[in-house]
Amino acid sequence: MKMNAIDIMNRCRNAASEINRLNERIARYRACATDSAAHINQTGRVQGSGGDSVSSFAVAVGDCERQRERRKQEYEAESYCACKLLDELPETECTVLYRYYVGVQTVGGIAAALRFTTNYVKRKKADGLMLLEKIDISMVLELLPEWYTEGARADCQEDT
């Protein structure tokens, strides 16, 4: 897994929606498990095959919760790395890219908040991305925890 500065920025921007999707899956599985649990009679015995589906839903919920926690940990590492990488940029480019990738704002929202034109924000975003492309992958890897970059470090060593 090769990871450059722009990949980190994109993962930051997508993290919230990925975590929300996992939350929605968990809620759906829990609702289905509750519906299946209705098949349990007053003595606590399962009527029909409801017990199997309840345990299947419990396993699915557990898997989704582990995925969600892992993604949250990854996001914390990615946002720290993104902020440190953005520190390398001029102030305006840093602000625009931070608001876009970490703050998950739209170009129009950034322009309105900073009282810039949309075209100016687009230009600064493009300039900032060009500068981020020039950042060496080793700097990106230094900013991320080892557990995050295990595969990326091996790929980087193969290229040299």
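Taking SG from Cys64 and CG from Leu22, the interatomic distance works out to 6.0 Å, rounded to the nearest 0.5 Å. Separating the CZ atom in Arg123 from the OG1 atom in Thr118 is a distance of 11.5 Å, to the nearest 0.5 Å. Between the CD atom in Glu142 and the CG atom in Leu144 there is a gap of 10.5 Å [rounded to 0.5 Å].
Residues Ile26 and Ile19 fall into different hydrophobic clusters, defined by Ile, Leu, Val, Met, Phe, Trp and Tyr side chains chained together at heavy-atom separations under 4.5 Å. Using a 4.5 Å cut-off between side-chain heavy atoms of Ile, Leu, Val, Met, Phe, Trp and Tyr, with links allowed through other members, Met130 and Leu132 fall into different hydrophobic clusters.
Applying the salt bridge (Lys or Arg N to Asp or Glu O under 4.0 Å) test to pairs two or more places apart or on separate chains, those with a residue in residues 79-108 are Glu93-Lys124.
We find that Glu74 and Arg71 are joined by a salt bridge, their nearest charged nitrogen and carboxylate oxygen being less than 4.0 Å apart.
Scanning all heavy atoms of the two residues, the minimum distance from Tyr148 to Arg11 falls at OH-NE, 3.0 Å. Considering every non-hydrogen atom in both Leu143 and Cys81, the closest pair reads CB-SG, 3.7 Å. For the residue pair Asn4 and Asp7, the shortest heavy atom distance occurs at OD1-N, 2.8 Å. Here the closest heavy-atom approach between residue Arg13 and residue Val104 is recorded as NH1-CA, 3.4 Å. Minimum interatomic distance between Val102 and Ala82 (heavy atoms only, all atoms of both residues): CG2-CB, 4.0 Å. Nearest heavy-atom pair, Met9 versus Tyr101, reported as atom, atom and distance to 0.1 Å: O-CD2, 3.2 Å.
Residues Ile110 and Tyr100 meet the side-chain proximity criterion, which asks for heavy atoms closer than 4.5 Å. At a threshold of 4.5 Å between non-hydrogen side-chain atoms, the residues Ile8 and Ser79 do not count as touching.
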Requested in this report: Would you sort out whether Glu76 and Lys72 count as a salt bridge (charged side-chain N to carboxylate O under 4.0 Å, His left out), showing the intermediate values?
Outcome: CA-CA 6 Å; Glu76 288 175 13; Lys72 284 180 179 179; over 6 Å; no
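Partners of Gln73 according to the side chain to side chain donor-acceptor pair (under 3.5 Å) rule, which considers only residues two or more places apart in sequence or in another chain, do not exist here. Here Asp63 pairs with Arg66 under the side chain to side chain donor-acceptor pair (under 3.5 Å) rule; sequence neighbours left out.
For the 3.5 Å distance criterion, the side chains of Tyr75 and Glu18 fail to qualify, holding no donor opposite an acceptor. No side-chain N or O of Thr117 forms a donor-acceptor pair with one of Asn119 less than 3.5 Å apart.
Within 6.0 Å of atom CZ in Phe116, more than 12 heavy atoms from other residues, nucleotides or ligands are found, so the atom counts as buried in its surroundings.
With Leu97 as the fixed residue, the side chain to side chain contact (heavy atoms under 4.5 Å, CB included) test singles out one of Ile6, Leu89, Leu85: Leu89.
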